[in-house]
Protein chains: 2
Amino acid sequence: MHDRLRNKSLKERLITPSEAAEYIKNGMTVAASGFTPSGYPKAIPLALAERVAREGNIHINLLTGASVGNELDGVLAEKGIISRRYPYHTNKILRDRINQGAVSYKDIHLGHFPQQIRYGFFGKIDLALIEAAAITEEGGIIPTTSVGASPTFVSEAEKILIELNTSQPLELEGIHDIYYLEDPPARKPIPLISPYERIGSTYIPIETEKILGIVVTDIKDGVRSLPPGDDSSDRIAAHLIEFLYHEVKKDRLPHNLLPIQSGVGSTANAVLRGLLESPFENMDFYSEVIQDSVLDLLDSRKLNGASGTSLTFSEAGLKRFYKNIEEYKHKIILRPQEISNHAEIIRRLGSIAINTAVEVDIYGHINSTNIFGSDIINGIGGSGDFTRNAYLSIFTTPSTLKNGSISCIVPMVSHVDHTEHDVHIVVTEQGLADIRGLSPRERAGVIIENCAHPDYKPILRDYYRRSLRKGGHMPHDLQDAFSLHNRFIEIGSMRD
Amino acid sequence: MHDRLRNKSLKERLITPSEAAEYIKNGMTVAASGFTPSGYPKAIPLALAERVAREGNIHINLLTGASVGNELDGVLAEKGIISRRYPYHTNKILRDRINQGAVSYKDIHLGHFPQQIRYGFFGKIDLALIEAAAITEEGGIIPTTSVGASPTFVSEAEKILIELNTSQPLELEGIHDIYYLEDPPARKPIPLISPYERIGSTYIPIETEKILGIVVTDIKDGVRSLPPGDDSSDRIAAHLIEFLYHEVKKDRLPHNLLPIQSGVGSTANAVLRGLLESPFENMDFYSEVIQDSVLDLLDSRKLNGASGTSLTFSEAGLKRFYKNIEEYKHKIILRPQEISNHAEIIRRLGSIAINTAVEVDIYGHINSTNIFGSDIINGIGGSGDFTRNAYLSIFTTPSTLKNGSISCIVPMVSHVDHTEHDVHIVVTEQGLADIRGLSPRERAGVIIENCAHPDYKPILRDYYRRSLRKGGHMPHDLQDAFSLHNRFIEIGSMRD
């Protein structure tokens with residue numbers, strides 16, 4: 001504990017989780033550390049849920065970096081404690097509450113969220129709950145497996161509760177790079193010009209008088225299980241890597257590519273695995289989330305390093321990371337999400353952004369968030385931050401889902417998260433559509449012919465032909481644009 | 001002419017417009033200067049059209065900064081010369097050709113377009129046609145009333161034709177600030193930290209051996225007529241300024257606001273007129289287009305200066321500008337569109353982006369480009385560059401069009417150019433909706449109640465209520481989402 005709580009005067013602020021939970025009052029806006037279930041507070045929310053079970057309901061607005069584990073989102077949503085939630089989530093219980101309208105959720109670009117808090121768009125933050133690996137002598141917080149929006153939460157919150165988590169190794173110290181942005185009109189350029197530069201401090205500075213209490217816990221991050229590999233993902237990865245190879249040959253990409261951003265999930269893993277087996281060397285990784293396959297790429301020396309805002313390893317990946325943490329620490333940097341996802345940096349570095357689509361339409365619009373226009377899955381996350389500023393923006397999706405009853409290529413997407421102006425490449429297991437410079441009519445041709453599943457090609461061609469008769473720059477028949485979606489709602493399949 | 005063509009050795013390259021037009025061959029990609037009908041070549045395209053009338057058809061891909069005048073887009077589109085066109089247009093003849101499918105058009109963010117040319121996304125540029133006010137001794141081009149994408153066109157084109165336009169006053173020299181960006185992976189921060197800083201040269205450097213010929217002409221820019229004021233625009237402006245005042249009071253904006261970006265048209269003019277009469281002082285203007293009302297704001301000393309990429313004055317505005325050009329030159333800067341519209345700068349300065357919507361849906365998605373999903377009007381222009389990186393993003397629209405037969409507030413927009421993640425404020429003459437931090441269900445309430453026309457409120461409430469029964473985070477009924485659009489197509493009105 002001496003190593004973990006180095007500021008002696010703060011020792012008297014050690015309290016129990018239930019004492020800490022008493023500070024959370026009805027109506028408060030609470031901001032918690034955590035990003036893609038890593039580095040979020042666990043003991044205090046669990047104690048809050050117990051208190052609510054005993055004393056009756058409390059409602060809070062909950063802000064985090066991105067998704068957090070079940071101890072926070074799941075348990076609090078189940079007890080009806082969360083009334084408002086920003087900016088991203090992945091928890092099933094919370095998702096159901098949001099789709100029922102019981103939780104007011106706004107889906108916000110992760111790179112814009114911290115500045116909008118500072119701008120005052122969401123009111124004041126009453127309390128920040130921050131997980132720490134240690135507290136420095138000066139009272140600075142050493143974050144754990146994510147940085148997320150914690151620097152902004154700490155500076156903006158009126159009061160702070162810290163969870164000192166002894167399950168998070170002390171060796172994490174030094175992996176973080178905490179940089180603070182000015183706000184307009186006084187902003188300067190962000191002095192980051194290569195992916196692994198360090199421009200900040202290794203801890204989050206804090207006014208110690210704001211600390212209400214410090215809770216010690218050893219509850220582990222609810223790590224992800226490694227997504228299963230599948231044939232479809234491997235084929236998507238193969239198409240994508242062949243395309244990158246082609247771009248290098250055409251001199252539109254350097255031999256070592258450009259810094260890669262990759263989402264999470266089975267396709268993202270397959271793409272990173274594909275890069276491992278590819279001829280590319282000396283690659284860079286400037287992304288949001290660092291997962292198992294990044295360790296493979298680092299170990300093989302294919303990657304020069306990896307910059308992100310959180311570590312989301314599997315159980316096995318975490319063990320592997322901790323075993324060689326001192327070595328990995330020289331190659332991995334965790335930054336505030338405002339920097340990892342900042343338009344200025346992504347545009348400057350010239351990112352290759354690879355993200356997953358829920359559905360893609362024949363003109364190249366992307367739905368990343370809402371099923372049938374209405375039900376949110378998770379949220380846009382960082383996909384917009386990277387896509388909108390990328391050198392090359394790529395979206396992957398299987399051509400069909402649910403045994404072929406859903407086509408992921410549709411006449412018109414039921415929700416638009418990325419517009420036709422922002423999408424360069426679409427890949428499914430069927431093939432790849434390069435839509436740069438193509439008119440909508442040309443895009444419809446390559447997306448249907450290269451990406452759609454053979455079962456759906458006739459249906460999509462038929463929609464396009466009928467719309468073409470009505471004419472227009474982007475021919476649509478608004479009577480029929482959602483006919484595939486409506487057929488699914490009616491008969492459980494988009495097929496005739 | 002001595003003042004205009006200062007490099008003596010280039011005098012022997014003076015040729016006639018029809019000699020110049022001979023250099024344009026079938027299948028070429030031609031890039032022309034010009035932005036929001038200012039500073040585009042006129043004599044050479046007119047000569048090309050004459051040649052085609054004589055000799056039969058030629059097809060070219062035409063790239064420009066943004067919209068250009070009738071001598072280029074209109075005349076060439078009419079003769080069927082344009083087969084492909086990027087990244088923006090406003091010409092009626094061309095628009096019809098695009099919507100008929102006779103011209104392949106891709107609508108591209110103006111701030112991203114130049115880098116995508118350098119990246120090679122659109123193939124090589126055979127020929128650049130650049131309007132100049134003068135050619136320096138070293139052979140550098142002094143641009144005229146716009147900069148647009150000309151610096152990139154000049155550096156990337158294989159060959160160059162220059163139109164030396166004597167109707168453009170020589171006093172324009174010094175107003176331009178030509179800065180070149182590196183391309184990744186070697187990019188540095190752009191050293192622009194305040195709106196009126198100069199970071200480049202006053203001319204476009206050029207390899208003189210690429211100049212095929214220089215044509216002298218005195219054809220004037222096809223200036224815009226001043227959009228008529230109307231009661232609806234004035235009411236929109238009043239709501240908006242009241243809101244800005246409120247934000248200052250709440251300490252979410254400084255007393256002199258933040259740099260304003262404003263589109264063109266009657267509402268934009270009304271907003272700028274409104275600012276003239278507002279209590280705000282020492283305001284800044286970092287935008288794309290500089291129009292008449294900016295001169296009023298400069299003359300009143302309400303604005304500290306104005307940065308853009310083109311001047312689009314009315315006939316009267318142009319006279320006024322030229323009369324005091326030496327004075328205005330100290331306050332107005334014309335930059336490449338890649339800088340005026342750059343994500344890095346807009347985000348750094350903290351822009352207040354004010355743009356016009358074609359339609360807005362009850363959840364805050366914006367259509368800026370396509371009527372009934374299919375027919376393009378102009379294009380997204382710079383609205384995405386500013387909106388996506390703004391401190392505050394605002395969209396204005398009248399609540400209805402065509403004598404009330406069209407509601408600009410609809411259940412679901414028929415094309416999405418700006419997503420729910422990027423829109424903060426919606427204003428119509430009916431009122432203003434501040435949707436920051438609101439869930440979709442909450443947004444539907446304020447957008448319908450504050451912004452929709454009273455005639456359409458019951459229709460929109462009814463759609464929302466029926467969708468709500470189906471549930472979801474963003475309740476929609478995909479059978480009915482375009483019912484207003486389809487009713488208009490059927491009976492010529494969105495009303496029952």
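Since the model is a prediction, treat every value here as computed from it, not as a measurement. Letters A, B, ... mirror the listed sequences (proteins, then strands); counts begin at 1. No hydrogens, no waters, no symmetry mates; every other heavy atom, side chains included, goes into these values.
- Looking only at distances, a side-chain donor or acceptor of B:Arg84 sits under 3.5 Å from a matching main-chain atom of A:Gly437.
- Only the side chain of A:Arg443 comes within less than 4.5 Å of a heavy atom in chain B; its backbone stays farther off.
- With a threshold of 4.5 angstrom between heavy atoms, A:Leu258 approaches chain B through side-chain atoms but not through N, CA, C or O.
- The interface of residues 102-109 of chain A with chain B, defined by heavy-atom distances below 4.5 Å, comprises A:Ser104, A:Tyr105, A:Lys106, A:Asp107, A:His109.
- When each of A:Asp477, A:Leu349, A:Asp417 is scored by its heavy-atom pairs under 4.5 Å with chain B, the top score falls to A:Asp417.
- Atom CD1 of B:Ile377 sits about 11.5 Å away from atom NE2 of A:His473, to the nearest 0.5 Å.
- Side-chain atoms of B:Arg436 do not come within 3.5 Å of backbone N or O of A:Gly120 as any donor-acceptor pair.
- Between chain B and the residues A:Pro189, A:Ser351, A:Pro184, the largest count of heavy-atom pairs under 4.5 Å involves A:Pro189.
- A:Ile371 does not touch chain B: none of its heavy atoms, backbone or side chain, sits under 4.5 Å away.
- Interface summary for chain A: among B:Pro195, B:Pro440, B:Pro185, the most heavy-atom pairs under 4.5 angstrom belong to B:Pro185.
- Note: B:Phe482 and A:Phe482 have parallel aromatic rings, judged against thresholds of 30 and 60 degrees for the angle between ring planes.
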Test side-chain hydrogen bond (donor to acceptor under 3.5 Å, both in side chains) applied to A:His415 and B:His476, step by step
CA-CA 10 Å; A:His415 187 267; B:His476 264 309; over 6 Å; no
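- Looking at A:Ile190, the atoms closer than 4.5 Å to chain B (heavy atoms on both sides) all sit in the backbone: N, CA, C or O.
- Only the side chain of A:Gln116 comes within contact range of chain B, with at least one heavy atom under 4.5 Å from a heavy atom of that chain.
- Using a 4.5 Å cut-off between heavy atoms, A:Pro475 contacts chain B through its backbone alone, with no side-chain atom that close.
- The part of A:Tyr86 that comes within reach of chain B is its side chain, from C-beta onward, which places non-hydrogen atoms under 4.5 angstrom from that chain.
- Seen from the ring of A:Tyr119, B:Arg252 does not count as a face-on cation partner, given the 6.0 Å and 45° thresholds.
- A:Arg441 touches chain B through its side chain: at least one heavy atom from C-beta onward sits under 4.5 Å away, while N, CA, C and O do not.
- A donor atom on one side chain and an acceptor atom on the other are not found under 3.5 Å apart for B:His112 and A:His421.
- In this structure, CD1 on A:Ile380 lies 8.0 Å from CD on B:Glu420, to the nearest 0.5 angstrom.
- Only the backbone of A:Gln100 comes within less than 4.5 Å of a heavy atom in chain B; its side chain stays farther off.
- In terms of heavy-atom pairs under 4.5 angstrom with chain B, the leader among A:Lys250, A:Lys188, A:Arg388, A:Glu247 is A:Arg388.
- Within the model, atoms CG of A:Asp422 and OG1 of B:Thr419 stand 9.0 Å from one another, a figure rounded to the nearest 0.5 Å.
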